[in-house]
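Some notes on the structure that comes next.
Everything numeric in this text was worked out from a predicted model, so none of it was measured. Each chain gets a letter, A, B and so on, in the order its sequence line appears, and its residues count up from 1.
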Amino acid sequence: MTLADEAISWYDANARDLAWRQPETTPWGVLVSEVMLQQTPVVRVEPAWRSWMTRWPTPADLAAEPQSEAVRMWGRLGYPRRAMRLHACAQAIVERHGGVVPDDLDQLLALPGVGTYTARAVATFAYGQRHPVVDTNVRRVVCRAVEGKPDAGPATTAADLVAMAELLPAEPARAARASIAFMELGAIVCTARAPKCGVCPFHDVCAWRQTGLPLPEGPSRKPQRYAGTDRQVRGLLLEVLRHATGPVPRQRLDLVWTDQVQRARALAGLVEDGLVEAYGADDFVLAGDAPPVERQIL
DNA sequence: GAGCCGTGGAA
DNA sequence: TTTCCAAGGCT
C-alpha cells in the first residue's frame, strides 16, 4: 500500500459529507466552494455556498448582476475582495469561455481570484484531471509524514507540487481522490494543533511520528494581529455599506472609527480596491450599487 | 518574498 | 484575554 492508497481508503470511510462533494455539483459549484474556502472554515462556508448556488447556479447568473450584490451575498465570510473577484471571474468566464468554467489549467489561472491552488483544485475535482493539488493541509501532511518535520514553512512553491506529484497514483481519477484525501486528512486528523495520530492511517509510517513528534523549533510565523488595523476598519466600513439601500453620507461612515486618519486611509483603500465607490460629493456606495445619477438629481 | 487582505471560534 | 488558525491570492 502506498501512502496515497492508505489515504484513499481512509477517505472512503471517513470523508465528511460536504455539500459541494455531491456528484451533481457543477464545475461552477466547485469553483465557488474553493474560493469561499480560501482562509474560511468549512462550517461557515457551507450555508453561504448553498445560498450562493441557489441564487446564481451558473456564472452567467452572477455575471448579470452588479458586483455589489456579490459582496452583499458574501456577507461575513471575510476577505470581501474574494466576492469582488468571483464576480469578475464569472464575467470573464462568460466573456472568454461562453459561460463554461474552463478545464484548462492556464485558462483557469488567468481568471480573477484563481491562483495556483484553486486552478488545480477545479481542474482536478471538477474535471478529474491529474494534477498535484497542494493546499495548507496537504503541505502539512506531506511535511510531517514524509519529511518528518512538524510544520511546513511559509512558502508554497514548485517544490511542494513536485513532492505531492510523486505521491500521486497514475490514474487521474485516483490521483484526484488522493489529493482530496490528503486534504481531508490534514483538515480533520493531521491538524495544525493537537493532531489525532491515534486514528491516522499514516500512524505506522509517519516520519514525524517515528522521530518522536518533535515540536516546531523557534518562533513560528509572525502573529498577524487584527484589532486596530486597517483591516478591521475596512470591515466596519464595509459592514455599513453592505446594509445600505442607498448612498451613505460620509458622516455616517465617520461613526465606525474615531481615528480620522486611519478611517480615511481605510476608506480610500476600499475605493482603490474597487469595493467602494464615491457617489456625488460626499456619499459612498458599494461598487456597482450606484443608482443612476439622473434619478438622484431629479 | 514579505505584507496585506476579514471574520469568528476554539484553545 | 490573547493567540492561533481556517481548502489563498495578489502586489
Please classify the nucleic acid contact of [X] as base, sugar-phosphate, or nothing, using heavy-atom distances under 4.0 Å.
X	value
A:Ala121	nothing
A:Gly115	sugar-phosphate
A:Thr118	sugar-phosphate
A:Thr116	sugar-phosphate
A:Arg242	sugar-phosphate
A:Leu18	base
A:Arg234	sugar-phosphate
A:Leu77	base
A:Arg76	sugar-phosphate

Between C1' of B:dC4 and CZ of A:Arg81, the distance in whole Å: 7 Å
Nearest-angstrom distance from the residue atom CG of A:Leu275 to P of C:dG9: 18 Å
Under a 3.5 Å cutoff, is there a donor and acceptor pairing between the side chains of [X] and [Y]?
X	Y	result
A:Asp5	A:Thr2	yes
A:Asp289	A:Gln67	no
A:Tyr117	A:Gln38	no
A:Asp230	A:Gln262	yes
A:Tyr79	A:Arg231	yes
A:Thr40	A:Arg82	yes

Under-4.0 Å salt bridge between A:Glu171 and A:Arg130: no
Ionic contact status for A:Asp61 with A:Arg55, cut-off 4.0 Å: no
Nearest-angstrom distance, P atom, C:dA7 to B:dC5: 22 Å
Rounded distance in Å between the P positions of C:dG9 and B:dG8: 23 Å
A:Gln39 side-chain N/O to C:dA6 phosphate OP1/OP2 under 4.0 Å: no
Distance test, side-chain N/O of A:Tyr79 to OP1/OP2 of B:dT7, below 4.0 Å: no
Linked hydrophobic residues, A:Met84 as query - side chain contacts closer than 4.5 Å: A:Val71, A:Val233, A:Leu236, A:Leu237, A:Leu238, A:Val240, A:Leu241, A:Val248, A:Leu253, A:Val256, A:Trp257, A:Leu267, A:Leu270, A:Val271, A:Leu275, A:Val276, A:Phe284, A:Leu286
Near-strand residues of residues 19-38 of chain A, defined as heavy-atom separation under 4.0 angstrom from DNA chain C: A:Trp20, A:Arg21, A:Glu34, A:Leu37, A:Gln38
DNA chain C contacts made by residues 49-59 of chain A, counting heavy atoms under 4.0 Å: none
Which nucleotide in C:dA6, B:dC5, B:dT7 has an atom nearest any side-chain atom of A:Arg44: B:dT7
Of A:Thr229 and A:Pro41, the one whose closest DNA chain B nucleotide lies more 5': A:Thr229
No-H, no-angle donor-acceptor pair, A:Thr40 side chain to B:dG6 base, under 3.5 Å: yes
Earlier contact from the 5' end, DNA chain C, for A:Val42 and A:Arg193: A:Arg193
5' precedence on DNA chain C between A:Arg140 and A:Arg85 (nearest-nucleotide basis): A:Arg140
Parallel, tilted or perpendicular: ring planes of A:Trp20 versus A:Trp49, cut at 30 and 60 degrees: perpendicular
